[in-house]
Amino acid sequence: MKPLTVNFRSKAAETLQDAQIQQSIEHVYTGFFKGRLEAAGDTPEWEELRTKGKAIKDHTIAHLDYYLGQLADNVEKNGGSVFFAEDAAEARKHIIDLAHKREIKTVIKSKSMVSEEMGLAEAMNDEGFETIETDLGEYIIQLAGETPYHLIAPAVHKSRTDVAKLLDDDFKEGDPVPDATELTMMAREKLRGVFERADMSVTGVNFAVAESGSIALVTNEGNGRMSTTVPRVHVAVMGMEKIIPSIQDLSTMLRILIRSATGQRISTYVTMVNGKRKPDEEEGPEEFHLVIMNNGRQKLLADPQMRESLNCIRCGACLNACPVYRKVGGHAYGWVYPGPIGAIVTPVLTGLKDASNLPNASSLCGACHDACPVKINIPRMLLELRYRTAEGSSDIEERTSGAKERGIWKAWRIGMMGRKRFDWAARLSRIVLLPIARNGWLKKTPPPISGWTSTRDFPLTASKSLKSRLSSRAKKAK
Ligand code: SF4
């Protein structure tokens, strides 16, 4: 599995100082976030669709073994093969062995976050296969040697100048910057030849339909369709949760996915793949292979508090809604999945010990929950992970909270549990903090609560509680 690469705090601090990235990632708000609100507003049955989407995913995840079995049977009936990979290493090995056996030279990839989990493109390049990303954003990221910044817009942090430098070796600082269409044409020209010589493709799966053994791909560029028809071998890779029972469910899921992702009513391409080319068909691959990966998902499935995260359809709406993601950007999350959903799946899949600061990367404002098309309660799971981090769990043996911190929270809890105790604690805090307050504000609190005022001022406890003010006002009014 791809390792967790960065420290959230230091990368977030770096991104906050980068004016160009701050400007570029504004698009997730002005473009995607606003687009989703508009699309939802234009869909009168929007809330009904979300409820239906949640019910479909809840049902599927509760009967995952049944639907995975049905999917595998139907893919095989359609002439394809299915491989269940326990982890990323097993999946990678299976695909690389297959490529060796079929004497593959060039592999084209169409956007897939699961293949990012596997680190597949790097591994295949290391094995000597020419492996090229064909989604424009992923291609830019591959040229830059980076990881995706966003679930659906991997290069959203790059400016046009950055992209021009990556696509044109002769581009120099000060040259006129090509517009988006010109840049796209430059990439298209480079990729056309790659499509022609590719003998294997690896694509992701937006939804796998159990009852028909089909996979659905949602794209806005022609690369998905080219990848599934031109090369002689097509390998589709998916996490085991990317499954839905029926074609009818697919129509619901497509409506909520596309509107939530880009604000479109329908994406430019929705490609359905039903296995390899049939004898009477003119195009399509000679072989179709489906790789279904676990890679820690069973841990999520077995965890009643975290299972809901398997409902995720990777639309990116929670990222676009998140005030933290929109400032710290995607690379701060250090692994494949950024944003609020990344702050849940990364600690569970890679280990809470190394990713313990991710659940804290949230203001718990709830915007992600409101935005999620399948109503995943992200804040609830973030709180659960914070609790496990502080108190210890099977995944993280050592508590990250110190004795002092736990003592403070214990005292706070006792104070909050009764009205009299609360009033007494408030009065006491005022007495203790009054000497260091200036005009009713605390600019610098002493340890162990100095962190509270390291980036903002804190108001001094009021001299009278709201309750006593209201009751004296009521008395005066009589
Ligand atoms: S958690 Fe919800 S909003 Fe976030 S990517 Fe998944 S489906 Fe989309």
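In each ligand, atom 1 is the first atom listed, and ligand 1 is the first ligand listed. Because the structure is predicted, anything quoted here is derived from the model rather than measured.
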Which ligand 1 atoms are under 4.0 Å away from a heavy-atom of Leu151?
5 (S)
Which protein N, O or S atoms sit under 2.8 Å from atom 2 (Fe) of ligand 1?
Cys372 SG
Salt bridge check, Asp126 against Arg92: does any charged N sit closer than 4.0 Å to a carboxylate O?
no
Is Lys93 paired with Asp97 through a side-chain N to carboxylate O contact shorter than 4.0 Å?
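Yes.
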Residue among Thr134, Leu191, Thr268, Asp135 satisfying side-chain contact (heavy atoms from CB on, under 4.5 Å) with Glu221:
Asp135
Check the side chains of [Y] and [X] for a donor-acceptor pair under 3.5 angstrom, ignoring hydrogens and angles.
X      : Y      : result
His234 : Thr203 : yes
Glu116 : Tyr337 : no
His331 : Glu14  : no

Can you tell me which residue and heavy atom of the protein come closest to atom 5 (S) of ligand 1, and the distance to 0.1 Å?
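Here the closest protein heavy atom is Gly316 N, 3.3 Å.
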Can you say whether the rings of Trp412 and Trp409 are parallel (under 30°), tilted (30 to 60°) or perpendicular (over 60°)?
perpendicular
